[in-house]
Amino acid sequence: MTGHDSGGSLHRGLKRRHMTMIGLGGVISAGLFVSSGKVIADTGPAALVAYALGGLIVVLVMRMLGEMAAARPSAGSFADYARAALGPRAGFLVGWCYWLFAIVAVAFEGVAGAKLLHSLSGAVPVLPTAVALLAALTAANLVSVRLFGETEFWLASVKVVVIVAFLAAGALYVLGLWPSGGGAGLSALTGHGGFAPKGWGAVLTALVTVLFSYFGAEIVTIAAAESAEPAKEVARATLRVVWRVLIFYVGSVLVILAVVPWNRVPAGGADSPFAAAIAELGVPGAATLMTWVILVAVVSVMNAALYAASRVLCAMAARGDAPAAAARVRASGVPAPALLGGGALALALMAGAFAVGDDAFDLLINTAGLLVLLLYVFVALSQLRLRRRMEAESPELLRLRMWGFPWLSRVVVALLVLAFAAVASSAEALPVVGAVAVAVGGTLLAYEIRSRRKQPADAVA
């Protein structure tokens, strides 16, 4: 190893206050502030059901993931638990699929942030700005894990404060206590074509977008490996994150639908449903205010996704599932090659999608959303098997337990499979299903090629 690379391990530089905010920072993104408009346009007020169902899935999966992370803290998280429970092939597939999802998130958020800045000043070019955001956050992540934690703490704090203020203002408006009026209650939920004007099938289809928005809370279980007391921190942070996510998402969507008729909610571009609701409340400069808040959200999620991708790739490399160079860790505790490799792919995705157009990003996002369902299935299956093993071999490790085991865990698996089947059966989802099949098939093929190349060396050894 050369330069600052060392054979050392990741540092335990994250504090307790960082842990909860890292979980919130990963999940409160442009997916909430902007993409919620698309979900509302596609489902009507029934978007509440889509977010509640997605939130329930996230809560249960986070509980299962938290059980495993509290017992076996690991920067490899998803991949390591799948490998331990289901074998090396499953670990390889889950690790690379999660890494790909995280990099897609980095690219998507980077371009979204650049478009926001362009909307404030037409003189700001989109692609160079996206590249600049990526370069700045990559440089910050290269310094140390503590700087990452501090950056994410303050970025996430801004988002939380804004959402809490939004929920409070919306509640006052609904109750008729807002200075500019209101008091119509929740009548807007049924007053424009009914509660589910697009049908209930649209709710299941919207789960892809919803879960893409939610996915990120799991970063707290990855970050736990770099905290002072991994088992305790992941138990605390997991419990805090899940209920806050439900309140922030379901509560925010409820306020938007109560204040603005669903058929007038912005459904795309840089326009935010939050800005529309704030404008309805009569707050001056609502659009500009929300643009800056969304930009903070974008930067926060890029920061968290870069962190998660680098740690997962580093852990995979240490187990031989990724190029050996990705396992190198600097003296500061940062896996620099893994971080730079992820940044390079994000840059390529940005440039490619920008050249092709928005349709390319829509395909990437929806593919990542469907991969989320697949990854959640692996989390649930891993928890089912590892829980039995820990109960028999090391019950003292079960500091945090999944509710209603094993029945509730099995219900989650069935629910995830049904949701995947419902989404995949939609004619509109065929390109996305094809992309997921290519991603999964390509990953499994890579595993077989890698395994056959290793076997002769292993035999000689």
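Values below: all heavy atoms of this structure, side chains included; hydrogens, waters and symmetry mates excluded.
Atom CD of Glu67 is separated from atom CE of Met62 by 13.0 Å, given to the nearest 0.5 angstrom. Taken from CG in Leu100 to CG in Leu345, the straight-line distance is 7.0 Å, to the nearest 0.5 Å. Interatomic distance, CG of Leu48 versus OG1 of Thr43, reported as 8.5 Å (0.5 Å rounding). A distance of 5.0 Å separates CG in Leu53 from CG in Leu207, rounded to the nearest 0.5 Å. With rounding to the nearest 0.5 Å, the separation of CG in Leu381 from CZ in Arg385 is 8.5 Å. Expressed to the nearest 0.5 Å, how far CG of Leu415 lies from CG of Leu408 amounts to 10.0 Å.
What you find for Ala380 and Val412 is that their closest heavy atoms are CB-CG1, 4.4 Å. Listed here is the closest heavy atom pair of Ile294 and Leu116: CG2-CD1, 3.3 Å. Between Ala46 and Val203, the shortest heavy-atom contact is CB-CG2, 3.7 Å. Between Arg388 and Arg410, the closest heavy-atom pair is NH2-NH2, 4.0 Å. Cys314 and Ala338 get closest at one heavy-atom pair: N-CB, 4.1 Å. Taking every heavy atom of both residues into account, Ala318 and Ala327 meet most closely at N-CB, 3.9 Å.
Residues Ile278 and Val259 form no side-chain contact, since every pair of their non-hydrogen atoms from C-beta on lies 4.5 Å or further apart. No side-chain heavy atom of Leu384 sits less than 4.5 Å from a side-chain heavy atom of Met64. Residues Leu65 and Tyr376 fail the side-chain proximity criterion, which asks for heavy atoms closer than 4.5 Å. Side-chain contact between Leu167 and Ser252 is present, with heavy atoms from C-beta onward closer than 4.5 Å. The side-chain heavy atoms of Cys97 and Leu375, taken from C-beta on, include a pair separated by under 4.5 Å. In this structure, Val255 and Phe166 have side chains that are in contact, with non-hydrogen atoms separated by less than 4.5 Å. The closest side-chain heavy-atom distance from Phe420 to Leu370 is below 4.5 Å. Residues Leu254 and Tyr51 form no side-chain contact, since every pair of their non-hydrogen atoms from C-beta on lies 4.5 Å or further apart.
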List the steps, then state whether side chain to side chain contact (heavy atoms under 4.5 Å, CB included) holds for Val265 with Ile256.
CA-CA 8 Å; Val265 173; Ile256 291 168; 4.1 Å; yes
Show, in sequence, the C-alpha distance, side-chain angles and deciding distance for Trp200 and Phe195, and conclude whether the side chain to side chain contact (heavy atoms under 4.5 Å, CB included) test is met.
CA-CA 10 Å; Trp200 291 103; Phe195 184 73; 3.8 Å; yes
Kindly determine whether Val94 and Leu86 satisfy side chain to side chain contact (heavy atoms under 4.5 Å, CB included), including the steps that lead there.
CA-CA 11 Å; Val94 169; Leu86 307 173; over 6 Å; no
Asp80 vs Met316, test: side chain to side chain contact (heavy atoms under 4.5 Å, CB included). Steps then yes/no.
CA-CA 8 Å; Asp80 284 352; Met316 289 170 61; over 6 Å; no
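Looking at residues two or more places apart in sequence or on another chain, you find no salt bridge (Lys or Arg N to Asp or Glu O under 4.0 Å) involving Arg389. Residues passing the salt bridge (Lys or Arg N to Asp or Glu O under 4.0 Å) test with Arg72: none are found, sequence neighbours excluded. By the ring pair (Phe, Tyr, Trp, His ring centres under 6.0 Å) test, Phe378 is found to be paired with no residue, residues two or more places apart in sequence or in another chain being considered. Take Trp262 and apply the ring pair (Phe, Tyr, Trp, His ring centres under 6.0 Å) test, not counting sequence neighbours, and it matches no residue.
Between the side chain of Lys198 and the backbone N or O of Ala41 there is at least one donor-acceptor pair closer than 3.5 Å. Here the side chain of Glu109 pairs no donor or acceptor atom with the backbone of Val301 at under 3.5 angstrom. Side chain of Arg319 to main chain of Ala315: a donor-acceptor pair is present (N/O by atom type, distance under 3.5 Å, no hydrogens or angles). Side chain of Arg328 to main chain of Ala336: no donor-acceptor pair is present (N/O by atom type, distance under 3.5 Å, no hydrogens or angles). With hydrogens and angles disregarded, no donor-acceptor distance shorter than 3.5 Å links the side chain of His192 to the backbone of Pro261. Although no hydrogens or angles enter the test, the distance criterion places a donor-acceptor pair under 3.5 Å between the side chain of Arg450 and the main chain of Gly320. Side-chain N or O atoms of Ser300 include none that pairs as donor or acceptor with a backbone N or O of Val296 at under 3.5 Å. Formation of a donor-acceptor pair under 3.5 Å by the Ser310 side chain with backbone atoms of Tyr307 is found in this model.
Ion pairing between a basic and an acidic side chain is recognised when a charged N comes within 4.0 Å of a carboxylate O; Arg387 and Glu391 show such pairing.
Under a cutoff of 6.0 Å and an axis angle of 45°, Arg83 and Phe92 do not form a cation-pi pair.
Below 30°, between 30° and 60°, or above 60°: for Tyr98 and Phe101 the angle between ring planes is between 30° and 60°, a tilted geometry.
For residues 85-107, the pairs satisfying salt bridge (Lys or Arg N to Asp or Glu O under 4.0 Å) are Arg89-Glu448, with sequence neighbours left out.
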Would you be so kind as to tabulate the donor-acceptor pairs closer than 3.5 Å made by side chains of residues 126-140, with sequence neighbours excluded?
| residue | atom | partner | partner atom | Å |
| --- | --- | --- | --- | --- |
| Thr129 | OG1 | Pro125 | O | 2.5 |
| Thr138 | OG1 | Leu134 | O | 2.7 |

